[in-house]
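Note that the structure is predicted; figures quoted are calculated from it, not measured. Quick note: numbers below take in every heavy atom, side chains included, and nothing from hydrogens, waters or symmetry partners.
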Amino acid sequence: MKLLTQKTVRGLGLAALGLMAGLAQAHTGHGTSGIAEGLAHPLGADHLLAMVAVGIWSVSALPANKAWWGPATFMLSLVISAALGVAGFSVPFLEQLISLSVVLFGAMLVLSRQKMPVSLGLGLVALAASLHGLAHGAETPESGFAAYALGFLASTATLHFGGVAVGLGIRKAFAEKSTWVVTGLGALCSGAGLYLFSQL
């Protein structure tokens with residue numbers, strides 16, 4: 001219990017710091033510099049919210065022994081689409097779609113009580129992650145993709161871990177009412193995504 005609490009506090013602290021540090025979204029047009037830029041890039045508000053939400057959703061909606069599938073799916077899709085982004089592939093209205101992915105993840109949290117098919121949930125995670133990956137790939141520094149990718153994957157994994165820790169903490173602290181807490185967080189997440197969308 002003590003370990004779980006420490007993990008939860010660490011995850012919440014990381015999320016709060018990331019939100020404060022990343023209110024200016026980190027997308028195309030900003031300077032890049034290797035692994036440091038890779039570490040910083042996911043701390044934009046939209047990226048951060050999406051990745052933490054994936055961690056919470058994975059704990060709330062997936063079977064206990066498969067909770068790691070959500071973060072793993074996100075990271076795999078992220079790095080593949082980032083490589084496509086490096087090659088110049090993109091989609092119209094990418095920034096808007098990324099903001100809407102935050103709305104999507106919020107909706108998935110709200111609906112986590114309904115237990116959607118695992119394949120559908122993971123497919124949505126992969127689709128949204130591909131949008132985030134394209135934005136990451138477009139930021140690749142001149143120093144090369146490898147170190148930069150290592151940086152953004154490390155930050156992404158940390159944010160997913162924070163989300164998982166928050167999800168476990170909610171389940172432990174609120175027991176039967178945990179689904180309502182997750183629903184509330186999902187509504188807030190979707191609202192934040194709509195706000196980000198309105199600012200573009």
Supply the atom-to-atom distance [X] [atom1] to [Y] [atom2], rounded to the nearest 0.5 angstrom.
| X | Y | atom1 | atom2 | answer |
| --- | --- | --- | --- | --- |
| L109 | S190 | CG | OG | 8.0 Å |
| L104 | L124 | CG | CG | 5.5 Å |
| L131 | E95 | CG | CD | 10.5 Å |
| S81 | L134 | OG | CG | 5.0 Å |
| L159 | L48 | CG | CG | 5.0 Å |
| I35 | L153 | CD1 | CG | 10.0 Å |

Under 3.5 Å, is there a donor-acceptor pair between the side chain of [X] and the main chain of [Y]?
| X | Y | result |
| --- | --- | --- |
| T183 | T179 | yes |
| S101 | A128 | no |
| S155 | F152 | no |

[Y] and [X], any side-chain heavy atoms less than 4.5 Å apart:
| X | Y | result |
| --- | --- | --- |
| T158 | P42 | no |
| V125 | M108 | yes |
| M51 | F105 | no |
| L185 | I170 | yes |
| W57 | V182 | no |
| V91 | L94 | yes |
| W180 | R113 | yes |

Show the nearest heavy-atom pair for residues [X] and [Y], with the distance to one decimal.
| X | Y | value |
| --- | --- | --- |
| S60 | K115 | O-NZ, 3.0 Å |
| A187 | V110 | N-CG2, 3.6 Å |
| H136 | Y148 | O-OH, 2.7 Å |
| V79 | F145 | O-CZ, 4.2 Å |
| P63 | V118 | CD-CG2, 4.1 Å |
| I56 | G167 | CG1-N, 4.2 Å |

Determine whether [X] and [Y] fall in the same hydrophobic cluster, where Ile, Leu, Val, Met, Phe, Trp and Tyr are linked whenever their side-chain heavy atoms lie under 4.5 Å apart.
| X | Y | value |
| --- | --- | --- |
| L97 | L127 | no |
| M116 | W69 | yes |
| L62 | L111 | no |
| L100 | L188 | no |
| V54 | V181 | yes |

Side-chain donor-acceptor contacts of residues 192-200 below 3.5 Å, not counting sequence neighbours, with atom names and distances?
from : atom 1 : to   : atom 2 : distance (Å)
S198 : OG     : Y195 : O      : 2.6

Exercise for the section: Describe, in one word, how the ring planes of F74 and H132 are oriented to each other, choosing from parallel (under 30°), tilted (30 to 60°) and perpendicular (over 60°). Expected result: tilted

